[in-house]
Structure formats: structure tokens, C-alpha cells
Amino acid sequence: MMNTAKPPLDDIRVRRAIAHAVDRDVVKKVIYANQRQMMTDIWGPTSQWHCPNVGYPEYDPDRAKALLKDYGKPVKITLTTGASALGLLAGQVFQSFWKKVGIEADFRQVQVGPQYIGEVVRGQYDIAFWRISDLVDPDYQVYTPFLSSSGGNFSKIKSAKLDAALTKGRESRDLAARKRAYCDFMVEYNKQLPALLGGRNTYFVIARKGVMNLPMMHQGYFRAAEVWLRD
């Protein structure tokens, strides 16, 4: 997640340069051990809410350099990671991406818990690893984190188009209209980039063959009432 309320991340050119500098194939291999599918929208292709072709900025270091040149000022950022071996690895990987395009990048490790969360909530960060909840309905995932007036908008993004799409998605009772609203949200999200997208969580269920109708899992849970046993 990027703090869009403070320079240099208040400039969309810098945020997009940061995104274009990230080689997501390397992230998938080195950080996720090829066990996660890289996201271009928040919901992914197995979800009914999936939005294809929404323009997530892919790896293009030349484009990143051009955006930074257009910005015209030195860019210095610090990435906040968890205090773990994986946090160290992630910090080193992302630092290397950004330095290659001319960004002065550093990272710091913070113990995951109240200190880490508190710094993000108070806006005392440049970029920090964060998680978007994996929930059944999009409203719970994106309304509070990305609505301009929300107290849970820790990226501090302010966009009338994001607000309009989020409000339509929340207020409409028509599923097709809600789907269009959340895809409109994703198109604008991928332009504004309040946060980079990483890898989707993958959940696994081990069950014997007679266990039928296992539903899609969210947050590691599934609705057991929908499961039945075959004789």
C-alpha cells in the first residue's frame, strides 16, 4: 500500500513508475515460490466478481524511467516490511527493482502487530506491505479501504471515480450493476494505484471422495452447511 498523501507518492507518475518497475514474475518465483497467482484485479478469475482486462501496469522499466523523468525530481522512498526472513527477502527484492529505474529505495523491518499496524493507520509510512481481506462480497473488501472519506482509507487516496463506483456497488441491488460498478472501480484503481497488487491466497481442502459440494473458501473458512456426504 502506498501513502498517497505525502510526496513523492502523492504524484500518480511516481506511483505508476513504482508499479512498472516491479517484475511480477520474479515476485511470484522468489517471494511466493510459484505458489500464488499474481493479481490484476482484487478478486481473481475464480470469483464471480472477477474483472478481466482492467489495465494493471505490468513490468516495463523503460516506462518507469520515462515517468520519473517527467516527474523531474529525485524520488526517495522507504518500504516497511515485517520483521522476518520473508520480510527481509521481500525488502531486498523490491529495493532492487526500484533502484534499477533510478529510485532511491530503502526498506525497514518492523515487528508485525500493533507497531506495524499503528504506523500504517497513522500514515507514518511511504509504502508498506498490507493485506486486502479475502471475503465473499466486494463491498467488505474495498469500500472502507478506498472510499475518500473513510477512516479506514490508509492509503489516503481521493478519487471521485472510485467513490462513485464504490457507492454504486454498495447501494445497487442488481448483481449485474454491482459487477459493472466493481469493474469500473478496478479500472480506476489500476490508474490511481493506491496499492500495488500482489499474489492471491490459495486455500486447500483435504477430504475423502465422499465429501461433496465443498464451496469456495474465503479467509481459510468454508460454509460447512453446504457440504454433504455421498454414501
Side-chain angles (χ1 to χ4, degrees), residues 1-36 38-40 42 56-132 145-146 152-159 189-201:
M1 184 157 56
M2 294 190 267
N3 187 345
T4 68
K6 56 185 285 191
L9 296 171
D10 59 342
D11 194 293
I12 193 171
R13 292 169 294 184
V14 175
R15 299 198 300 272
R16 294 193 67 81
I18 284 171
H20 282 302
V22 173
D23 188 336
R24 285 153 53 86
D25 289 337
V26 172
V27 173
K28 181 178 180 179
K29 179 179 180 180
V30 174
I31 298 178
Y32 297 136
N34 287 321
Q35 294 302 305
R36 290 192 182 188
M38 299 304 291
M39 301 162 62
T40 57
I42 288 174
Y56 187 81
E58 294 293 347
Y59 181 53
D60 188 344
D62 290 336
R63 179 60 180 156
K65 292 176 182 177
L67 286 164
L68 293 170
K69 183 178 180 180
D70 188 54
Y71 178 64
K73 291 177 284 188
V75 173
K76 181 178 181 179
I77 58 173
T78 299
L79 170 66
T80 301
T81 76
S84 64
L86 183 59
L88 174 62
L89 175 63
Q92 292 171 332
V93 169
F94 279 87
Q95 181 187 50
S96 70
F97 291 149
W98 295 328
K99 284 192 171 183
K100 286 178 182 178
V101 299
I103 295 172
E104 185 179 346
D106 199 358
F107 70 93
R108 58 190 291 267
Q109 293 188 269
V110 176
Q111 185 64 43
V112 175
Q115 181 183 352
Y116 193 106
I117 294 170
E119 289 186 5
V120 173
V121 170
R122 292 189 298 270
Q124 298 173 339
Y125 77 101
D126 293 334
I127 305 180
F129 285 111
W130 202 250
R131 181 180 178 184
I132 297 175
F146 300 113
N153 178 1
F154 303 138
S155 72
K156 313 299 182 186
I157 192 69
K158 294 187 182 301
S159 166
Y189 176 104
N190 286 340
K191 291 178 181 177
Q192 296 293 332
L193 287 178
L196 305 178
L197 294 180
R200 296 180 66 244
N201 288 334

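Numbering of residues begins at 1 and proceeds along the displayed sequence. What you see below is based on every heavy atom in this structure, not just the backbone, and it leaves out hydrogens, waters and symmetry mates.
A donor-acceptor pair under 3.5 Å is formed between the side chain of R15 and the backbone N or O of Q192. Between the R13 side chain and the K69 main chain, no donor and acceptor come within less than 3.5 Å of each other. Without hydrogens or angle criteria, T80 side chain to A128 main chain gives no donor-acceptor distance under 3.5 Å. In this structure a side-chain-to-backbone donor-acceptor pair under 3.5 Å is missing from Y71 to D11. Judged by distance alone, with hydrogens and angles left aside, the side-chain atoms of R36 form no donor-acceptor pair with the main-chain N or O of K28 at under 3.5 Å. With Q95 contributing its side chain and A105 its backbone, the two residues share a donor-acceptor pair below 3.5 Å. Side chain of W98 to backbone of A21: no donor-acceptor contact under 3.5 angstrom is found. Formation of a donor-acceptor pair under 3.5 Å by the T4 side chain with backbone atoms of S155 is found in this model. Side-chain atoms of R63 do not come within 3.5 Å of backbone N or O of R16 as any donor-acceptor pair.
Here the shortest heavy-atom pairing between H20 and P57 reads CE1-CB, 3.4 Å. Between L79 and F129 the shortest heavy-atom distance is CD2-CE1, 3.8 Å. A5 approaches D10 most closely through the heavy-atom pair C-CB, 4.4 Å. Listed here is the closest heavy atom pair of G82 and V112: CA-CG2, 3.7 Å. Nearest heavy-atom pair, G87 versus T81, reported as atom, atom and distance to 0.1 Å: O-OG1, 3.3 Å.
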Worksheet item: When you look at Y125 and Y116, which way does the side-chain contact (heavy atoms from CB on, under 4.5 Å) test go after all the steps?
Response: CA-CA 10 Å; Y125 77 101; Y116 193 106; over 6 Å; no
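In the displayed structure, E104 atom CD is contacted under 6.0 Å by at most 12 heavy atoms of other residues, nucleotides or ligands. Within a 6.0 Å sphere centred on CZ of R108, heavy atoms belonging to other residues, nucleotides or ligands number more than 12.
Under the 6.0 Å cut-off for aromatic ring centres, Y189 and F146 qualify, their centroids lying closer than that.
Taking the side chain as every heavy atom from C-beta outward, I12 and L193 never approach each other to under 4.5 Å. At a threshold of 4.5 Å between non-hydrogen side-chain atoms, the residues M38 and Y56 do not count as touching. Looking at heavy atoms from C-beta onward, N190 lies out of side-chain contact with T40 at the 4.5 angstrom threshold. For the pair L196 and I127, the minimum side-chain heavy-atom distance is 4.5 Å or more. In this structure, the side chains of V27 and F94 come closer than 4.5 Å at one or more pairs of heavy atoms. Inter-residue side-chain proximity for L86 and I31 is flagged as met; some heavy-atom pair is nearer than 4.5 Å.
Between K6 and D126, at least one side-chain N (NZ, or NE/NH1/NH2) sits under 4.0 Å from a carboxylate O, which counts as a salt bridge.
Paired with F154 under the rule side-chain contact (heavy atoms from CB on, under 4.5 Å), one option of I117, V120, N3 passes, and it is V120.
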